[in-house]
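Here is the structure we will look at.
The structure presented is a predicted model; accordingly, all values stated were derived computationally and were not measured. Order of the sequence lines fixes the chain letters, A, B, ..., with proteins taken first and strands second; residue numbering starts at 1 for each chain.
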There are 2 protein chains.
Amino acid sequence: MRRILLYRGSLLQLQALGVKRVYSYTLGKETGISAQQVRKDFSEYKIKGNQRGGYRVDELISEMENIFYKKGSQNIIIVGRGNIGSSLANYDNFIQRQINIVATFDIDPSKQRIRSEIPVYTMERMEEIIDRFGVRTAIIAVPDMAAQKVCDQLLGYGINGIINFAPVILKVSEDIIINNVNLSDEIESVIYCVSLTENECPE
Amino acid sequence: MRRILLYRGSLLQLQALGVKRVYSYTLGKETGISAQQVRKDFSEYKIKGNQRGGYRVDELISEMENIFYKKGSQNIIIVGRGNIGSSLANYDNFIQRQINIVATFDIDPSKQRIRSEIPVYTMERMEEIIDRFGVRTAIIAVPDMAAQKVCDQLLGYGINGIINFAPVILKVSEDIIINNVNLSDEIESVIYCVSLTENECPE
DNA sequence: CATTAGATGTGAAAAATATAACTATAAAAA
DNA sequence: TTTTTATAGTTATATTTTTCACATCTAATG
């Protein structure tokens with residue numbers, strides 16, 4: 001699944017460049033995945049290619065939209081308009097992916113003065129906005145201490161998917177989808193790998 | 001490996017709360033990993049616990065520092081002082097993890113006027129700073145189009161680990177460690193899972 | 001039109017990963 | 001001191017994931 005997203009990302013870029021067809025090998029190189037793996041993944045979803053000319057880019061993309069059940073754009077919200085919340089609100093790449101940030105929220109009323117395309121509301125208006133825009137997925141970008149409280153609140157308003165940038169594990173029921181993005185971990189994993197290659201085969 | 005990072009994150013939090021011992025079960029619950037898996041991971045690294053009293057938190061943390069070859073803090077830099085670059089520069093959690101951002105760089109000289117703990121330099125001073133602080137790992141937080149160029153530049157200055165926030169796959173030699181963090185993917189994977197549970201068992 | 005090069009498609013093997021089941025042990029309780 | 005109990009430690013099993021090998025097909029080429 002992570003791979004399907006990678007494929008789609010690359011394909012959208014290729015499409016923007018006007019590329020019409022790709023080979024499993026090419027797409028693999030773009031995404032850091034082996035050609036065989038690419039083909040296997042496609043065959044999993046019954047996606048057929050042309051046995052000499054590779055796969056059609058537009059066909060692949062539309063197949064992937066199907067996989068995602070993604071009909072048009074998705075409305076999501078961001079809770080916490082601090083540094084991370086703001087950078088997400090201004091992130092260009094979401095447009096291409098049809099991710100539509102309809103609103104952000106912050107407990108601090110002064111944040112409402114922020115000038116931006118994406119509005120900043122106080123926490124009180126969360127339920128209203130979620131209902132109005134049919135939001136199912138939310139991003140938590142608040143400090144550690146507040147994350148669980150915000151999470152509970154969101155679930156109360158019917159949210160069932162959360163991307164959590166706070167470095168805490170949120171307690172939620174089984175049926176809620178949580179994706180924890182821990183920026184420290186992302187960096188440390190690289191630091192670790194680098195140190196490994198430098199201290200090659202330590203006894 | 002991802003799990004070791006999760007354990008360490010939880011353990012650091014527990015330590016900050018004054019907790020002295022943990023059970024495999026407890027730590028598993030914190031990190032969303034099964035207790036057996038936790039024990040298996042620890043036994044992999046020859047980490048011993050007490051068969052009734054669980055594991056000592058401080059011992060676990062120091063064992064993990066060993067696993068990471070992490071002696072003291074790591075100096076890293078951020079290239080690109082836009083939204084993402086800035087939020088990373090201001091991210092509190094790095095201190096606890098001993099990740100030390102020594103400098104940020106931006107092509108736009110006006111960014112140097114940013115008031116912050118972490119200095120903003122022009123691209124020209126990159127090599128100098130990398131040398132002075134012994135930096136091995138860098139974060140790329142520049143727009144798509146600039147990412148590959150910045151990457152090549154960094155590698156030229158001896159960087160061998162990169163965390164890339166630009167939604168492109170960077171072309172680098174085998175021995176360079178790259179971690180691509182694609183925020184759109186993180187969000188879309190949740191959107192996908194949510195839609196899956198809603199359209200339960202589609203024929 | 002036959003040939004060939006360069007792709008895909010797929011089933012089997014291999015490797016990695018996770019789960020389960022069980023044993024051993026230390027601490028607490030009786 | 002004996003018994004119980006809760007937890008670590010380990011081996012075996014199952015599952016998932018990846019890789020390999022090769023058959024198959026299609027488009028270009030002479």
Salt bridge (charged side-chain N to carboxylate O under 4.0 Å, His left out) evaluation trace for B:Arg8 with A:Glu188: CA-CA 11 Å; B:Arg8 178 152 164 276; A:Glu188 286 195 324; 2.6 Å; yes
Atom-pair distance (CE on A:Met1; P on D:dT17), nearest Å: 11 Å
Cation-pi geometry met for A:Arg39 and A:Phe42 (6.0 Å, 45°): no
Rounded interatomic separation in angstrom, taking CZ from A:Arg56 and C1' from C:dA7: 17 Å
Touch class at under 4.0 angstrom, heavy-atom based, for B:Arg3 against every strand present: sugar-phosphate
Under 4.0 Å protein heavy-atom contacts per nucleotide of nucleotides 5-12 of chain D, with B for base, S for backbone only and - for none: BBBBBSBB
Rounded distance (Å) that lies between atom P of D:dT15 and atom CD of B:Gln37: 16 Å
Backbone of A:Pro119 reached by a side-chain donor or acceptor of A:Thr104 within 3.5 Å: yes
Under-4.0 Å side-chain N/O to phosphate OP1/OP2 contact, A:Ser34 with D:dT19: yes
A:Lys40/A:Glu44 under salt bridge (charged side-chain N to carboxylate O under 4.0 Å, His left out): CA gap, chis, key distance, verdict: CA-CA 6 Å; A:Lys40 193 118 216 187; A:Glu44 182 81 12; over 6 Å; no
Shortest non-hydrogen contact from B:Asn180 toward B:Val168: OD1-O, 3.8 Å
Whole-Å distance separating the CG atom of B:Asp41 from the P atom of C:dT19: 11 Å
Flag, side chain of B:Asn75 to backbone of B:Phe133, donor-acceptor distance under 3.5 Å: yes
